[in-house]
Amino acid sequence: MSTHISVPPQLLLERVLTLEIVRVTERAAVSAARLRGHGNEKAADQAAVDAMRRELNKLPIEGTVVIGEGERDEAPMLFIGEKVGINAGPRVDIAVDPLEGTTLCAKNMPGSIATMAMADGGTLLHAPDVYMQKIAVGPGYAKGVVELDASPADNVRRLAKARGVDASAITVLVLDRPRHSDIINGVRSTGAAVRLITDGDVAGVIHCADPDNTGVDMYIGTGGAPEGVLAAVALRCIGGQMQCRLILDTEETRERAAKMGVTDPRMIYGIEDMAKGDCLFAATGVTDGSLLSGVKFRKDVIQTETVVMRSVTGTVRYIKAEHRQLEKFHLD
Ligand code: VTB
């Protein structure tokens, strides 16, 4: 396919595509938001996936989905390996979570987002859809200030010391799951606070990057690996530290991971192991949340709020958009 684009591919990824990926997450968010509170997770997710795929296929990229809705057999769209874009332009890796927090959206609870990342081709970790242990803190600490294999109590103390505060001044964000009871008890044993979330650990990790405004100093727990890679891209742009390990506790998961190039099943991944090239990250609020406002349907306007980040400069932009050509959105 021919293209009239004469912008050098590198510049495209660095700058021009920044706004393009905003369009993608905006459209996915609007589509999902129409189904907010309808109690139907699948329908909301499908709407976001359809919209995201449609928009991705308009972009001047040769894109490959490396983090997607799942592996080909179980995901009809935006599956890992799917090619997206107009097949002209820079070769890029795409990571998507068209509706992060499907349950939050279905129940119309705070914190669901439409999110994606784009990176130089071959630079994102190809993670299978398995669980991943994660720990994350924001920028400004010495490398290794907290560690995945240290105990939660130890990590709280180390972080408190680095901040020059008492452990009781630290808040740790944790997914509310029975599997995290030891983490929760360990954190609380130091006097630190736990903030529990029911879903949405991409936004959860991002909260750590701005503790003064979010009140969250650290994220600890086991969530999805795809969400881990997306969060790593965001922290790559804004700064911070993350350590993660895939949970490959069965022959089947180890085989799936091996097929994607994972040679050491016990490897601890830092941010640069998950996102080693230049990258972009965007997320649009679906329901209202502490990071982003949700989609608002007004009489003649649809309003969205998106955060978009670039690793090259570390620029973080919050884009509040008012969409007036509503007929375009009736496709969704
Ligand atoms: C997290 C969270 C997601 O899955 O990754 C979580 O960020 C982990 O899995 O929003 P379990 O729900 O199985 O514990 C989600 O909640 C999405 O399902």
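Numbering of ligands and ligand atoms starts at 1, following listing order.
- If you chain together hydrophobic residues whose side chains sit under 4.5 Å apart, Met118 and Leu78 fall into the same group.
- In this structure, the side chain to side chain contact (heavy atoms under 4.5 Å, CB included) partners of Pro211, at least two apart in sequence or on a different chain, are Arg163, Asp217.
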Report the C-alpha separation of Lys296 and Asp288 in whole Å, then their side-chain angles, then the decisive distance to 0.1 Å, and conclude whether the salt bridge (charged side-chain N to carboxylate O under 4.0 Å, His left out) test is met.
CA-CA 9 Å; Lys296 305 274 182 304; Asp288 281 337; 3.0 Å; yes
Working for salt bridge (charged side-chain N to carboxylate O under 4.0 Å, His left out), residues Lys58 and Glu55:
CA-CA 5 Å; Lys58 293 177 188 166; Glu55 292 304 308; 2.9 Å; yes
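- Residues forming a salt bridge (charged side-chain N to carboxylate O under 4.0 Å, His left out) with Asp45 (at least two apart in sequence, or on another chain): none.
- Protein residues with a heavy atom closer than 4.0 Å to ligand 1 are Glu100, Gly101, Tyr131, Leu175, Arg177, Arg179, Asp199, Gly200, Asp201, Gly223, Gly224, Glu227, listed by chain and number.
- Among residues at least two apart or in separate chains, salt bridge (Lys or Arg N to Asp or Glu O under 4.0 Å) pairs with a member in residues 182-211 are Lys134-Asp201, Arg177-Asp199.
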